[in-house]
Novice: 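First the structure, which I've put down as structure tokens, then a few questions once you've had a look.
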Amino acid sequence: MTYLPKIAFALLAPNLAFAVPFDGVYKQTAHSECALVGVDGGSLEIKDGIFYGVEMQCRMTNPVDINDMDATIFQMECSGEGQTWSERAILMNDAEQTGIIMVWNGYAFRYSRCEEGEY
């Protein structure tokens with residue numbers, strides 16, 4: 001029984017640590033309200049491996065680092081507005097400003113990070 005906590009930690013640790021570089025609150029547009037997460041005109045949030053978008057959320061699973069890039073591809077297990085779906089998305093740190101770039105199949109979005117005190 002003494003091995004059980006170690007085994008549980010070994011299985012959970014990779015999933016707990018992967019989103020840390022991307023955790024934060026991000027503006028959808030330059031004038032978004034950082035204190036309002038998940039609504040039109042508000043902001044988006046990544047916290048503890050979950051992406052909170054507008055009226056939806058996605059569990060970010062199966063992270064794979066992309067070679068020679070500051071980027072990770074995730075399997076996104078999403079739900080919202082009475083539906084569930086699964087897609088892949090790439091997240092990377094923005095090289096030009098404090099924020100991230102999120103790429104879905106056919107779409108790329110640049111989100112600026114909300115500063116402490118804006119939310």
Side-chain angles (χ1 to χ4, degrees):
M1 288 302 235
T2 60
Y3 292 106
L4 187 58
K6 292 178 184 177
I7 292 170
F9 179 77
L11 292 173
L12 293 174
N15 289 326
L16 295 175
F18 70 82
V20 172
F22 303 111
D23 275 6
V25 179
Y26 300 92
K27 299 175 184 179
Q28 292 183 60
T29 66
H31 304 291
S32 291
E33 176 62 46
C34 291
L36 299 175
V37 174
V39 298
D40 284 327
S43 59
L44 310 170
E45 183 174 23
I46 298 173
K47 182 178 178 182
D48 298 329
I50 299 175
F51 169 74
Y52 298 94
V54 176
E55 298 181 11
M56 54 84 84
Q57 66 183 33
C58 301
R59 281 186 323 112
M60 302 165 65
T61 65
N62 302 322
V64 177
D65 289 336
I66 299 175
N67 292 334
D68 300 321
M69 294 180 70
D70 184 17
T72 305
I73 189 166
F74 294 94
Q75 185 68 35
M76 307 292 272
E77 303 295 336
C78 305
S79 62
E81 298 184 345
Q83 298 181 5
T84 60
W85 66 97
S86 180
E87 291 188 40
R88 298 184 83 187
I90 298 171
L91 274 78
M92 66 186 76
N93 289 310
D94 191 326
E96 295 179 358
Q97 61 187 21
T98 304
I100 59 171
I101 297 171
M102 183 177 237
V103 180
W104 299 80
N105 188 18
Y107 302 94
F109 302 95
R110 173 181 265 169
Y111 301 119
S112 296
R113 183 181 291 271
C114 291
E115 300 297 325
E116 195 71 35
E118 287 185 289
Y119 54 95

Novice: For the atom pair CD1 (I46) and OH (Y111), what is the distance rounded to the nearest 0.5 Å?
Specialist: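 The OH atom of Y111 is 9.0 Å from CD1 of I46, to the nearest 0.5 Å.
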Novice: Linking Ile, Leu, Val, Met, Phe, Trp and Tyr by side-chain heavy atoms under 4.5 Å, what else ends up with V39?
Specialist: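 Hydrophobic cluster check, V39: joined to L36.
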Novice: Quick one: side chains of residues 98-105, donor-acceptor pairs under 3.5 Å with protein atoms, not counting sequence neighbours, listed by atom name and distance.
Specialist:
none

Novice: Taking only residues two or more places apart in sequence or in another chain, which ones pass side chain to side chain contact (heavy atoms under 4.5 Å, CB included) with S79?
Specialist: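 S79: side chain to side chain contact (heavy atoms under 4.5 Å, CB included) contacts with Q57, T84.
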Novice: Do you know which two heavy atoms are closest between D23 and G49, and how far apart they sit?
Specialist: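 It is OD1-N, 4.4 Å.
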Novice: Among all residues two or more places apart in sequence or in another chain, which pass the salt bridge (Lys or Arg N to Asp or Glu O under 4.0 Å) test with R88?
Specialist: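 For R88 there are no salt bridge (Lys or Arg N to Asp or Glu O under 4.0 Å) partners, ignoring immediate neighbours.
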Novice: Can you list everything that forms a salt bridge (Lys or Arg N to Asp or Glu O under 4.0 Å) with E55? Sequence neighbours excluded, please.
Specialist: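 Checked E55 against salt bridge (Lys or Arg N to Asp or Glu O under 4.0 Å); zero matches.
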Novice: Grab the two heavy atoms, one from P21 and one from R113, that are nearest each other, plus how far apart they are.
Specialist: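 Heavy atoms of P21 and R113 come nearest at O-NH2, 3.9 Å.
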Novice: A35: what forms a side chain to side chain contact (heavy atoms under 4.5 Å, CB included) with it, not counting sequence neighbours?
Specialist: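 A35 satisfies side chain to side chain contact (heavy atoms under 4.5 Å, CB included) with E33 once adjacent residues are dropped.
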Novice: Tell me, please, which residues at least two apart from D70 pass salt bridge (Lys or Arg N to Asp or Glu O under 4.0 Å).
Specialist: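 For D70 there are no salt bridge (Lys or Arg N to Asp or Glu O under 4.0 Å) partners, ignoring immediate neighbours.
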Novice: Determine, step by step, whether T72 and F22 satisfy the side chain to side chain contact (heavy atoms under 4.5 Å, CB included) criterion, reporting the C-alpha distance in whole Å, the side-chain angles of both residues, the deciding distance to 0.1 Å, and the verdict.
Specialist: CA-CA 10 Å; T72 305; F22 303 111; 4.0 Å; yes
Novice: Does any pair with a residue in residues 75-119 pass disulfide bond (SG atoms under 2.5 Å apart), and if so which ones, sequence neighbours excluded?
Specialist: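 Checked against disulfide bond (SG atoms under 2.5 Å apart) - neighbours excluded - the pairs reaching residues 75-119 are C34-C114, C58-C78.
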Novice: With sequence neighbours left out, what residues match E77 under side chain to side chain contact (heavy atoms under 4.5 Å, CB included)?
Specialist: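 With neighbours one apart ignored, the set is R59, T61, Q75, S86.
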Novice: Would you kindly confirm whether W85 and L44 end up in one hydrophobic cluster when ILVMFWY residues are joined by side chain heavy atoms under 4.5 Å apart?
Specialist: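 In one cluster: yes.
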Novice: As an exercise, state the distance from OH of Y52 to CD of E45, rounded to the nearest 0.5 Å.
Specialist: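 Atom-to-atom, Y52:OH and E45:CD are 7.0 Å apart.
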Novice: Do the side chains of F51 and Y107 join up, straight or via other hydrophobic residues, at under 4.5 Å, putting them in one cluster?
Specialist: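 F51 clusters together with Y107.
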Novice: Go through the structure and list residues passing side chain to side chain contact (heavy atoms under 4.5 Å, CB included) with M69, not counting sequence neighbours.
Specialist: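 Once residues adjacent in sequence are excluded, the partners of M69 under the side chain to side chain contact (heavy atoms under 4.5 Å, CB included) criterion are I66, A71, M92.
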Novice: Not counting sequence neighbours, list each pair that qualifies as a salt bridge (Lys or Arg N to Asp or Glu O under 4.0 Å) and has a residue in residues 91-109.
Specialist: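 Salt bridge (Lys or Arg N to Asp or Glu O under 4.0 Å) check on residues 91-109 returns D94-R110, E96-R110.
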Novice: Any side-chain heavy atom of F109 within less than 4.5 Å of one from Q28?
Specialist: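 Side chain of F109 against side chain of Q28, heavy atoms only: no contact under 4.5 Å found.
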